[in-house]
Each structure stands twice: as C-alpha cells, then as structure tokens.
Amino acid sequence: MASYLLSLLFLSLTLTLVIAEKPVHFHFYQHKTFSAPNPSDVRVAKGPIPLPVGPFSFGDIIVLDDPLTSGPEATSPLLGRAQGLDSVMNSLTVTWVFNIVLTCGEYNGSTIAIMGRDDILLRVRELSVVGGSGAFRMARGYVLVKTYSVDNITGDSELELDVYVYPAKL
Ligand SMILES: *[C@@H]1O[C@H](CO)[C@@H](O)[C@H](O)[C@H]1NC(C)=O
Ligand SMILES: *[C@@H]1O[C@H](CO)[C@@H](O)[C@H](O)[C@H]1NC(C)=O
C-alpha cells in the first residue's frame with residue numbers, strides 16, 4: 001500500500017516536472033485552397049467512393065501547405081504554415097497528420113507536430129499535439145478546430161484553430 005502511494009506520488013511529481021502548467025495559446029485561420037491558380041492543398045490520390053457532400057472521396061490523400069493567418073482574410077498577417085497530409089475516411093472524417101511551422105515572432109522557426117481525427121460535421125473538433133521542435137521540443141497539447149467557411153463545390157475552406165501547447169520543461 002505504502003509503495004503504491006509512493007509510486008503515485010512519484011508519478012504525479014514527474015508529470016508536474018515534465019509538463020509546464022500554462023499552455024502557450026495560438027489562434028490561427030487556416031486557408032485550405034484547392035482551386036487554381038494557387039492551390040495550397042493538392043489531392044495526390046483519388047479514392048474510389050465519393051462522399052455524400054463535397055468533392056471528396058473515401059481514400060483521398062491530400063498534401064497541404066496552408067497559410068496560417070491572424071485574421072480571417074487571406075491578406076491578414078501570416079503567422080506560419082500548416083504542412084502535412086489529410087486522408088479522407090468513409091464517414092466525413094479526415095485523419096490529419098501535419099506540422100505547424102511558425103514563421104514570425106518569439107517562436108519563429110519552431111514547429112508543433114499535430115495528429116488527430118477531424119469529424120467535419122461537428123462544430124468543434126479536437127486534435128492532439130504530439131510533439132514539436134525548437135521551443136516546443138517534446139511538447140504536448142491539443143488543438144480545437146472550427147470551420148469558418150466552406151465551399152462544397154471546390155472544397156476550399158477556412159478553419160479556425162486554437163492551439164494550446166504545453167512546452168516540456170527540459
Ligand atoms: C524568421 O526566421 C527566418 C529564418 O531565420 C528569418 O529569415 C525571418 O526573417 C524571420 N521572420 C521574422 C518575421 O522574424
Ligand atoms: C456544405 O455541406 C455541409 C455539410 O453537409 C452543410 O452543412 C453546408 O450547409 C453546405 N454548405 C453550402 C454552402 O451548401
């Protein structure tokens with residue numbers, strides 16, 4: 001019993017030491033553009049089963065290099081980019097694997113590694129911060145995603161991201 005309590009104490013001490021208490025919060029608008037002339041999202045594989053809404057199919061693989069801005073307009077100040085992959089599931093969900101690359105400010109050059117399940121019909125979806133580099137080496141956290149606007153014909157969309165990152169205390 002005593003050793004059980006001791007290990008619990010040790011575990012909670014370790015967790016408090018490793019994870020900072022306060023997250024760094026970023027608020028971004030992510031511009032996903034499929035349409036010409038300057039797409040930031042490119043479908044590199046087309047799946048065989050069309051989804052009931054939108055231009056996508058189960059099995060689509062999309063490579064993205066999207067601008068992240070401070071405001072909803074495409075001309076708002078650029079804060080970073082979202083670079084990675086989307087894979088489209090059979091149920092209007094997308095599995096995301098991407099890095100946020102910060103390109104200005106205090107964290108310029110640092111990256112945040114994100115993975116998660118985006119159930120696009122939900123108002124707010126949650127993705128996981130699984131790591132990072134630079135200021136965010138071994139970081140943890142989460143991302144709340146909302147759809148700001150979407151064009152069901154082209155697939156162009158704008159997402160609102162709230163990123164909460166707990167830097168590791170190394
Ligand atoms: C961010 O870092 C890059 C590479 O060091 C540098 O070229 C760029 O000017 C920096 N941007 C800002 C806004 O500080
Ligand atoms: C796009 O599709 C979504 C999901 O079915 C729907 O909620 C939304 O109203 C559609 N938007 C437009 C502009 O048709």
Side-chain angles (χ1 to χ4, degrees), residues 14-45 54-56 60-88 93-120 122-151 153-170:
T14 320
L15 284 178
T16 352
L17 286 177
V18 177
I19 305 287
E21 313 83 60
K22 270 196 157 281
V24 180
H25 175 222
F26 297 98
H27 181 245
F28 302 118
Y29 290 87
Q30 178 175 350
H31 305 264
K32 295 178 74 66
T33 308
F34 289 87
S35 50
N38 291 311
S40 60
D41 286 53
V42 177
R43 179 158 60 176
V44 293
F56 302 109
D60 285 357
I61 306 280
I62 293 148
V63 176
L64 55 112
D65 186 351
D66 295 331
L68 299 170
T69 59
S70 61
E73 286 79 35
T75 51
S76 307
L78 184 71
L79 303 178
R81 306 195 73 84
Q83 301 177 326
L85 294 175
D86 281 353
S87 46
V88 180
T93 64
V94 177
T95 303
W96 287 72
V97 184
F98 69 112
N99 290 304
I100 286 179
V101 187
L102 297 156
T103 55
C104 68
E106 183 183 353
Y107 301 106
N108 187 8
S110 292
T111 68
I112 302 165
I114 294 165
M115 181 171 179
R117 177 175 186 271
D118 180 0
D119 185 340
I120 60 176
L122 292 181
R123 201 180 72 80
V124 184
R125 296 85 77 178
E126 184 174 334
L127 311 177
S128 310
V129 170
V130 295
S133 69
F136 300 118
R137 181 184 291 174
M138 292 179 71
R140 286 290 179 272
Y142 59 98
V143 184
L144 301 179
V145 181
K146 286 179 256 181
T147 304
Y148 183 79
S149 67
V150 61
D151 179 327
I153 307 293
T154 59
D156 289 358
S157 65
E158 199 178 322
L159 305 174
E160 191 177 351
L161 267 53
D162 279 292
V163 182
Y164 297 90
V165 202
Y166 296 80
K169 286 184 180 169
L170 298 174

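Throughout, residue positions are numbered sequentially from 1 according to the sequence presented. Counting convention: from 1, in listed order, for ligands and their atoms alike. Because only heavy atoms are used, hydrogens play no part in the values below, and waters and symmetry mates are left out as well, while side chains stay in.
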Visitor: Are the side chain of T103 and the backbone N or O of L79 linked by a donor-acceptor pair below 3.5 Å?
Guide: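 Between the backbone of L79 and the side chain of T103 there is a qualifying donor-acceptor contact (under 3.5 Å).
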Visitor: If the cut-off is 4.0 Å to any non-hydrogen atom of T103, which atoms of ligand 1 fall inside it?
Guide: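 Contacts of ligand 1 toward T103, numbered from 1: 1 (C), 11 (N), 12 (C), 13 (C).
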Visitor: For S133 and T111: C-alpha separation, side-chain torsions, deciding distance, then whether side chain to side chain donor-acceptor pair (under 3.5 Å) applies.
Guide: CA-CA 5 Å; S133 69; T111 68; 2.6 Å; yes
Visitor: For atom 7 (O) of ligand 1, decide whether some protein heavy-atom distance is shorter than 4.0 Å.
Guide: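 Answer no: nothing from the protein, no heavy atom, is under 4.0 Å.
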Visitor: For atom 13 (C) of ligand 1, what is the closest protein heavy atom, and at what distance to 0.1 Å?
Guide: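 Among all protein heavy atoms, the one nearest atom 13 (C) of ligand 1 is C104 CB, 3.6 Å.
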Visitor: So, applying side-chain hydrogen bond (donor to acceptor under 3.5 Å, both in side chains) with H31, which one of D41, D66, T69 is it?
Guide: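 Among D41, D66, T69, the one meeting side-chain hydrogen bond (donor to acceptor under 3.5 Å, both in side chains) with H31 is T69.
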Visitor: For Y107, give me all partners under ring-ring contact (aromatic ring centres under 6.0 Å, His included), at least two apart in sequence or on another chain.
Guide: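 For Y107 the ring-ring contact (aromatic ring centres under 6.0 Å, His included) partners, ignoring immediate neighbours, are F26, F136.
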Visitor: Of the protein's non-hydrogen atoms, which lies at the shortest distance from atom 4 (C) of ligand 1, and what is that distance?
Guide: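 For this ligand atom, the closest protein heavy atom is N108 ND2, 4.7 Å.
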Visitor: Looking at atom 1 (C) of ligand 1, would you say a protein heavy atom lies below 4.0 Å from it?
Guide: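 Yes.
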Visitor: I'd like to know if D65 and R81 make a salt bridge, using a cut-off of under 4.0 Å between side-chain N and carboxylate O.
Guide: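 A salt bridge links D65 with R81.
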